[in-house]
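Have a look at the structure below, then the notes.
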Amino acid sequence: MEFFIQQTAAGLTSGAIYACVALGLVMIYVSTDHINFAQGEMAMFATYIAWMLIDAGVPFWLAFGLTALIAFVGGLLIQRFILKPLETAPVLALVVCFIALLSIFNALAGMIWSYTIKQFPSPFPQYDISGHGLVSVQQLGVVAVTLVMLGILTVFFRYTTLGLAMRAAAQNASSARLMGVRVSWMLALGWGLAAAIGSIAGMLVAPIVFLDPNMMTGILVYGFAGALVGGIGNPMGAVAGGFIVGVLENLVGSYIIGNELKLTFALVVVVGVLILKPAGLFGQIIVKRV
Amino acid sequence: MAALSKSWATKSGFGWMAIVFWALLAVLPLIGFIHEDPSFDYYMFMGQSMLIYGIAVLGLNLLIGFNGQISLGHSAFFAVGAYTTAILMNFAGIPYWATIPIAGLVCFGAGFLFGFPALKLEGHYLALATFTLAIAVPQLLKYKAIAGWTGGVGGVLLDKPDPPFDLPLSADQFLYYLCLIVAMAMFWIVFNLLRGRSGRAMMAIRDHAMAAGTMGIDTGLYKTLTFGISAAITGVAGALSAITVAYVAPDSFTLQLSVSFLVGLVIGGIASLPGCLVGGAFIVLVQNSSQSISDWMKVTFALRYDVPAWAIYGILLLVLMYFMPSGLMGGATALKEKLFGRSAKDDAASDSATVRSSHGD
């Protein structure tokens, strides 16, 4: 039983990180209908920036905020300069473009910071609070940051004019445009937010998996799985999906298939959800008009 | 219809230009007899790799360019082909040449099976599912329970075959011919497939799946079949790579391999058959000269760091998407039209469908 609780807690921690990645994916999906394959590498790149800041003596939480801000601006610029010209391009061109971004960020990080593994400091102390080695402050902290972020986003989208404008642009671009919403800029904002959320995921996961240019590849796949389980058009669903996938991954890994097939498990989840329930658990079924 | 097949014959590779081209490729190794060069075998090895990548890109092109299904997971089928050959040669004692068709069949099965779930997926979602496949495969190959066959992390070492019948060729010259013959066979198969009824069905599905369905095309069957054939061709390339490199290891079949296929596809030109070979050659050239490209870039742009091949691939993909979405072959056609003033209509522009104009939603 103790082992079970321990694994579930660990699952919730990684679930929180998958939830962040999933949230970033949903941000971009909701505003542009695209699936951003470069999400993981963008997050990794931002985490390196945080590492540099901390290395230069900036306190952790200040570096945390600064990095999120830098990532936000970076995401905005990527949308403005690289993706805007392709707004009407077919899917293949976009997929190629995302893969190109993925390659470039991975290579850039390797170029600038080398492929050797780096330690990333954790803002949370390691000791456990239950006294049985079950739940550590680190784990609680990661989950808390994710939930706070979700709260802020919910408030932003529900109760601010800008959030409403972004939702309008995503739901019906032409009507939103007639109402005076600058749709193209809303998409850029969506990208910026996604990049910022991604960077937070990167900074939360880096203390656990260590920092290296390939650290996000597997996590991105779980993020995809989480987003799909929850319904890729639904932020709340994505967070729930991320937690579900995290817990399932850990339990299935420790009881059934072992750690070596975890990515295969993610593949099964992705393909399974896409086939059996493409809308996810909390997503809306979209009927296409022909 | 006659006009169509005529334009196909001249444009897609099996007219007289194609014969000259393949003949040139066949003569190349003979240079080794006239011109003594200690690194000639290495050039032959590069030639083999170019042909192998060309075949792999051909498989991917059949799927993406002619059927409109996006795959980022073809490294997985390449891996299945390579491992099939390695395991058959090592444990079943089957001669290397006989493993190639078996690898093709196994990959056809794998691709066909993966094609079923892929049926329900389109565009981004299919890209996503195949992306996951590409990421999962290296880990799966390292799995302990099958390490007895796959060699786990270490992979499998194979023997490089010697030329048969006492042919006066070096091992690498012979392997080059092996790759060339297989490549010709694959291009011939795809060329004929596309020229006929099935090819038209595939392209109709790419251009408008629903319209194709109402015309009586069994879209589901054709899509899964195309997935299977595409995987089989890429798997054959994988088998050849296992034979020529004489070694397979899980970490050579990562997402990066899929990305390099994609680069080859985009460089050569989507839905262009000769473009596949151009793309294959290009991949090998970039891989081999990434150090010198990196040095050149360091000097030209005053960079402080080495530029890895990934970055070069990425930048190329972006640049091509903006400036030459139909690849080198498409760019060459456009240039020819500009110079000789041929109207685009004669050229049945639809069959060299560009990224921008094909399967838009």
Side-chain angles (χ1 to χ4, degrees), chain A residues 25 29 33-38 82 85-86 88-108 110-115 213-214 217-218 220-221 224-225 227-228 232 257-258 260-272 274-276 278 288 290, chain B residues 64 68 70 72 114 116-129 131-133 135-140 142-145 210 255-256 258-259 262-263 265-266 270 303-322 325 355-361:
Chain A
L25 290 167
Y29 184 82
D33 253 5
H34 300 156
I35 293 176
N36 179 16
F37 290 101
I82 296 179
L86 295 176
T88 55
V91 177
L92 178 60
L94 287 160
V95 170
V96 169
C97 189
F98 290 139
I99 291 294
L101 284 175
L102 180 156
S103 311
I104 291 173
F105 275 120
N106 188 294
L108 272 183
M111 246 167 84
I112 302 174
W113 295 293
S114 91
Y115 285 91
N214 296 318
T217 322
L220 178 67
V221 170
F224 278 138
L228 287 170
I232 193 156
I257 53 174
E260 294 168 323
L261 286 182
K262 278 185 169 183
L263 283 172
T264 312
F265 169 71
L267 171 68
V268 171
V269 170
V270 166
V271 174
L274 284 175
I275 290 168
L276 298 176
K288 221 186 197 173
V290 185
Chain B
I64 295 185
I70 302 175
L72 300 171
F114 201 83
F116 273 110
L119 265 187
K120 288 205 172 179
L121 310 175
E122 267 177 12
H124 287 291
Y125 288 109
L126 184 54
L128 174 55
F131 178 86
T132 323
L133 179 69
I135 303 251
V137 156
Q139 203 192 34
L140 194 60
K142 290 176 197 166
Y143 187 46
K144 268 198 208 105
M210 194 171 285
L255 178 70
Q256 191 172 10
S258 278
V259 173
L262 197 65
V263 172
L265 174 70
V266 174
I270 288 154
L303 296 176
R304 278 166 49 208
Y305 311 103
D306 277 328
V307 185
W310 269 94
I312 300 170
Y313 281 158
I315 294 166
L316 266 173
L317 280 178
L318 275 187
V319 169
L320 277 163
M321 273 301 115
Y322 289 116
V355 198
R356 277 171 199 277
S357 66
S358 74
H359 50 86
D361 32 358

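Order of the sequence lines sets the chain letters (A, B, ...), proteins ahead of strands, with each chain counted from 1.
Atom CG of residue A:Leu102 and atom CD of residue B:Gln256 lie 10.5 Å apart, to the nearest 0.5 angstrom.
Between B:Phe131 and A:Phe37, the ring planes are tilted. Angles from 30° to 60° get that label.
Contact detail for B:Ala311 and A:Ile104: the closest heavy-atom pair is O-CG1, 4.3 Å. Contact between B:Gly314 and A:Ser103 at its shortest, heavy atoms only, is CA-CB, 4.1 Å. Scanning both residues, A:Leu267 and B:Ala129, for their nearest heavy atoms gives CD1-O, 3.9 Å. What you find for A:Cys97 and B:Leu318 is that their closest heavy atoms are SG-CD2, 3.5 Å.
Contacts of A:Leu108 with chain B are absent, with no heavy-atom separation under 4.5 Å from either backbone or side chain. Contact of B:Leu255 with chain A is made through the side chain alone, with heavy-atom distances under 4.5 Å. Of the two parts of A:Ile82, the backbone and the side chain both hold a non-hydrogen atom closer than 4.5 Å to a non-hydrogen atom of chain B. Only the side chain of A:Val221 comes within contact range of chain B, with at least one heavy atom under 4.5 Å from a heavy atom of that chain. Of the two parts of B:Leu72, only the side chain, counted from C-beta on, holds a non-hydrogen atom closer than 4.5 Å to a non-hydrogen atom of chain A.
For the set A:Val270, A:Val96, A:Val271, the count of heavy-atom pairs under 4.5 angstrom toward chain B peaks at A:Val96. Each of B:Leu262, B:Leu317, B:Leu128, B:Ile135 has some count of heavy-atom pairs under 4.5 Å with chain A, and the biggest count is that of B:Leu128.
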